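From a predicted model like this one, the values you see are computed outputs, not experimental measurements.
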Amino acid sequence: MQDTKNNEISDAIVFFQNLDLDVIASVFRIMCVYYTSSKLTQGAIVQIDYRLPKYQKVKMPPELILDNSSLEINDKIKNEDKASILNFVNTLYSRFSPEYLILLYNNLKSLQIQDKHDKKIIFKPNITGTYNVKKNIITIKSLTFFNTIYHELWHLSSSVMQNNIKFSGFSQNAFGRAINEGYTTLLTERYFPDPNREDSSYPIQRRVMQIIEMIVGQDKMEQLYLRANLKGLIENMTEYASEKEIMSFISDMDFVLDYLENKKFLPFKKGLLHKSFNNISEFLIKIITKYLVIQLKGEEKIYEEILNCDVMNILMPICIRIDINGESYVLFDVERFYHTLQNEFNSNAIYKQQNKRS
């Protein structure tokens, strides 16, 4: 009986190893399949990662109703944490109209902040705090950077549960977690900068979301985020890419973040990681190019003038190579971008000349 079971496991492993992962990646987002046997694998874990979005159902967030117009903070929260909360509330109140602060007000009433010095709390490396949407609990690692509490309060201000779906900023359950963390980091650094902190949490994700914000617009992005409206973000981006392309981009971003946070790597994952970075780069090139062409609106601007505009100051920080476990990855292919942009401008110039002649 045991031999039969081992043979079945062995056949399954061979089957998965022979699959074309590039094809499978276009069907599934992430799936982990584990086959273990003490005799056959001696405790090893075989893990297959599939990416994809293809038809991850993104839903409209629930209608947001203010429970009580008065600000109430859980009495059990310590005074030192209340001070940070009040600073956060006052900052958002001065920037956003009440309709975008409904989740903040609703969630503050039952918010709990776990003891920072509880040794039972285990964090992944580089994770300094968490927010549990279902339980409405913020947990912060001791001796962490001061703006961690603000990062988690942004999550609190943009999260709601309905029908077992966690709507949180630009994520629904696990889908969109990377872009959500990236934009949460961008907001935290914008409104609650830490003068003593040189690095950034989620640096790749933050840089990418800075580009998305440039295209969609800061006001619109912040409003969608505070209403947990991932679907609204996708709809706003369809002017520059198809819904399928946007969903694939979000999935690739999630895959990169999952990879970076997972200590156990398998050889075939490197190929998938390169593919994800390439996909992200191609997506950014496409939407930025289309955005710039739309901005022209028929004006007589030349290619060189566009490259010298403020947009390039935003793009340059993402034109980098990233080293991960000895492998080099390109987040944004700047040479390909220049080539694509120039071709697009030339095509539009030819089109304009043809129209003038006709």
- Message: I'd like to know whether NZ of Lys135 has more than 12 heavy-atom contacts from other residues, nucleotides or ligands below 6.0 angstrom.
- Response: no
- Heavy-atom closest pair, residues Leu260 and Gln205: CD1-NE2, 4.3 Å
- Task: Using the side-chain contact (heavy atoms from CB on, under 4.5 Å) rule, take Tyr291 and Met214 through it: C-alpha gap first, then chi angles, then the decisive distance, then the call.
- Result: CA-CA 9 Å; Tyr291 167 79; Met214 174 192 75; 4.1 Å; yes
- Are Tyr150 and Tyr191 near enough that their ring centres are under 6.0 Å apart? no
- Query: So, do Arg95 and Thr91 sit near enough that their side-chain heavy atoms are less than 4.5 Å apart?
  - Reply: no
- Query: Looking at side-chain heavy atoms only, is the closest gap between Ser168 and Asn180 below 4.5 Å?
  - Reply: yes
- Note: Leu230 and Phe175 closest approach over all heavy atoms is CD2-CD2, 4.1 Å
- Item | Working for side-chain contact (heavy atoms from CB on, under 4.5 Å), residues Phe170 and Ile250 | CA-CA 10 Å; Phe170 293 137; Ile250 294 172; over 6 Å; no
- Query: Does any non-hydrogen side-chain atom of Tyr105 lie less than 4.5 Å from one of Glu72?
  - Reply: no
- Side chain proximity check, Ile73 to Leu86, heavy atoms < 4.5 angstrom: yes
- Query: With a cut-off of 6.0 Å (strictly less than), are more than 12 heavy atoms of other residues, nucleotides or ligands near CZ of Arg190?
  - Reply: yes
- Message: Once you measure the plane-to-plane angle for His155 and His151, does it fall in the parallel (<30°), tilted (30-60°) or perpendicular (>60°) bin?
- Response: perpendicular
- Query: So do Glu99 and Gln223 actually touch side chain to side chain, heavy atoms under 4.5 Å?
  - Reply: no
- Message: I'd like to check Ile280 versus Phe332 (side-chain heavy atoms, cut-off strictly below 4.5 Å). Are they in contact?
- Response: no
- Query: What's the verdict on side chain to side chain donor-acceptor pair (under 3.5 Å) for Tyr100 and Ser157, showing C-alpha distance, side-chain angles and the deciding distance?
  - Reply: CA-CA 9 Å; Tyr100 300 110; Ser157 304; over 6 Å; no
- Query: Rounded to the nearest 0.5 Å, how far apart are CD of Gln210 and OG1 of Thr185?
  - Reply: 12.0 Å
- Message: Just so I know, are the side chains of Leu104 and Leu92 near enough to count as touching, which here means a heavy-atom distance under 4.5 Å?
- Response: yes
- Query: Once you round to the nearest 0.5 Å, how far does CG of Leu272 lie from CZ of Phe255?
  - Reply: 4.5 Å
- Message: Using every non-hydrogen atom in the two residues, find where Ile102 and Leu64 come nearest and quote the distance to one decimal.
- Response: CD1-O, 3.7 Å
- Message: Test of understanding: clusters of I, L, V, M, F, W, Y form through side-chain heavy atoms closer than 4.5 Å, transitively. Do Ile234 and Met60 belong to the same one?
- Response: no
- Item | Partner of Ser281 by side chain to side chain contact (heavy atoms under 4.5 Å, CB included), out of Ile285, Asn279, Asn278 | Ile285
- Item | Pairwise distance CZ(Arg207) to CG(Leu284) - rounded to 0.5 angstrom | 13.0 Å
- Determine whether Ile113 and Ile137 fall in the same hydrophobic cluster, where Ile, Leu, Val, Met, Phe, Trp and Tyr are linked whenever their side-chain heavy atoms lie under 4.5 Å apart. no
- Supply the atom-to-atom distance Asp219 CG to Met221 CE, rounded to the nearest 0.5 angstrom. 11.5 Å
- Task: Kindly compute the distance separating CD (Gln172) from CD (Gln162), expressed to the nearest 0.5 Å.
- Result: 10.5 Å
- Does the gap between the ring centers of Tyr131 and Trp154 come in under 6.0 Å? no
- Residue pair Ser159, Leu103: steps toward the side-chain contact (heavy atoms from CB on, under 4.5 Å) verdict: CA-CA 7 Å; Ser159 297; Leu103 291 175; 5.8 Å; no
- Derivation of the side-chain contact (heavy atoms from CB on, under 4.5 Å) call for Asp252 and Val256: CA-CA 6 Å; Asp252 281 311; Val256 170; 5.7 Å; no
- Query: Can Asn343 and His339 be said to form a side chain to side chain donor-acceptor pair (under 3.5 Å), step by step?
  - Reply: CA-CA 6 Å; Asn343 286 343; His339 179 73; 3.1 Å; yes
- Query: Is the number of heavy atoms from other residues, nucleotides or ligands within 6.0 Å of NZ (Lys220) greater than 12?
  - Reply: no
- Message: Please check if the number of heavy atoms outside Asn164 that lie under 6.0 Å from its CG is greater than 12.
- Response: no
- Any side-chain heavy atom of Asn136 sitting closer than 4.5 Å to one from Met161? no
- Query: Any idea which heavy atoms bring Asp254 and Gly176 closest together, and the distance?
  - Reply: OD2-N, 2.8 Å
- Message: Just verifying a value: how many Å separate Phe192 CZ and Ile149 CD1, rounded to the nearest 0.5 Å?
- Response: 10.5 Å
- Shortest non-hydrogen separation from Asn106 to Asp67 and the atoms involved: OD1-N, 2.9 Å
- Task: Grab the two heavy atoms, one from Tyr240 and one from Ile294, that are nearest each other, plus how far apart they are.
- Result: CE2-CD1, 3.7 Å
